[in-house]
2 protein chains.
Amino acid sequence: MFNEYLFFEALSDETRRRLLLLIMKQGELCVCELFFALNLPQPKISRHLAVIREAGILATRKEGTWVFYRLHPQLPLWAAKILEMMAQGIEHGNIYHQDAKRLGAMENRPSKCDI
Amino acid sequence: MFNEYLFFEALSDETRRRLLLLIMKQGELCVCELFFALNLPQPKISRHLAVIREAGILATRKEGTWVFYRLHPQLPLWAAKILEMMAQGIEHGNIYHQDAKRLGAMENRPSKCDI
DNA sequence: TCGTTATATTCGATATATGGCATATAATAG
DNA sequence: CTATTATATGCCATATATCGAATATAACGA
């Protein structure tokens, strides 16, 4: 069940907030897209995603070698609202804009493939 | 100006969430009341309050030797809403109940003195 | 099978946070 | 002034988080 301690811990790191904002904006993203957008070492992305996932905030879906992350469907309402408010409050920061921009410039995105 | 990094950092510690919940519920509390309610060493209370205050979440008012803490009046709306949702999401936990109970049992509370 | 791509994990070093205890400061009363 | 109460801070030990680099795993195609 959902653990408030892990939830707030997950939000306390900027890299994790960057990941969350992108995922929330796009609905679902695979690791390589997040990796490309944030322009950080892949193991770092992977580890931070694991922290968010283990907090119950993200769910995953596998498709071949890709792993897609999305908001967890059973996320408590109050937690979902906090994430919404967080996005609203911070999305105007430069870092988040740059992430979105890089993602937009990415070619051959798995999300956009028709399989 | 308000710093999102410090804001989420402040929410990531349980002692600080306990302090915030009590202050939000009561409107304003002095350190000795929070100290009594949480039943933790006074320096610990003081330092955690400082973290929340330095994050721009709390404002203080001095009255003699007492220092009263309340939500900062210029808290951004999105941040205030996050605090509300946080309270809603976690207030049913045992720890928070016990804090409120101890506070209720405290005698000679500065807040309740007529000066 | 081997090689490639995508993702996750381990390890060890370093940074940051937290805690306890003692002490400092500040305000007030006598 | 001194003593007392309320609050804050300094110092140091310890716990926890984060990082980079290397490596492991997993799925797929040739």
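Throughout, protein chains are lettered first and strands after them, A, B, ... in sequence-line order, and every chain is numbered starting at 1.
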Between A/F35 (CZ) and C/dA8 (C1'), how many Å, whole number? 14 Å
With a 4.5 Å limit on heavy-atom distance, are the side chains of A/L75 and A/L83 in contact? yes
Nucleotide N/O to protein N/O under 3.5 Å, stretch nucleotides 27-30 of chain C:
none

In whole Å, what is the span from the CZ atom of B/R47 to the C1' atom of C/dG19? 7 Å
Euclidean distance, atom CD1 of residue A/I52 to atom C1' of D/dA17 [Å, nearest integer]: 15 Å
Output the rounded distance in Å from CG (A/D13) to P (D/dA17). 11 Å
Of all heavy-atom pairs linking A/M86 and B/I82, the shortest is N-CD1, 3.7 Å
Donor-acceptor pair present, B/Q42 side chain and D/dA8 base, under 3.5 Å: yes
Which part of the nucleic acid, if any, lies within reach of A/Y69 when heavy atoms closer than 4.0 Å are counted: base, sugar-phosphate only, or nothing? sugar-phosphate
So B/W78 and B/F7, would you call those rings parallel, tilted or perpendicular, with 30° and 60° as cut-offs? perpendicular
The nucleotide from C/dG19, D/dC19, D/dG20 with an atom nearest the side chain of B/H48 is C/dG19
State which of D/dT18, C/dA8, D/dT9 makes the closest approach to the side chain of B/S46. D/dT9
A/E63/A/R61 ion pair, N-O < 4.0 Å: yes
In this structure, how many angstroms lie between the P atom of D/dT18 and the CZ atom of A/R17, rounded? 11 Å
Using the side chain to side chain contact (heavy atoms under 4.5 Å, CB included) rule, pick out the option among B/R109, B/Q42, B/M106 that qualifies with B/F36. B/M106
Nearest-angstrom distance from the residue atom NZ of B/K44 to P of C/dG19: 4 Å
A/P41 side chain, from C-beta outward: closest of C/dT7, D/dA22, D/dG20: D/dG20
Is any NZ, NE, NH1 or NH2 atom of the basic residue among B/E14 and B/R16 found under 4.0 Å from an Asp or Glu carboxylate oxygen of the other? no
Between CZ of B/F36 and C1' of D/dT5 the distance, given in whole Å, is 16 Å
Between C1' on C/dT4 and CH2 on A/W66, what's the gap in Å once rounded to a whole number? 14 Å
Side-chain contact, heavy-atom cut-off 4.5 Å: A/I90 with B/F8? yes
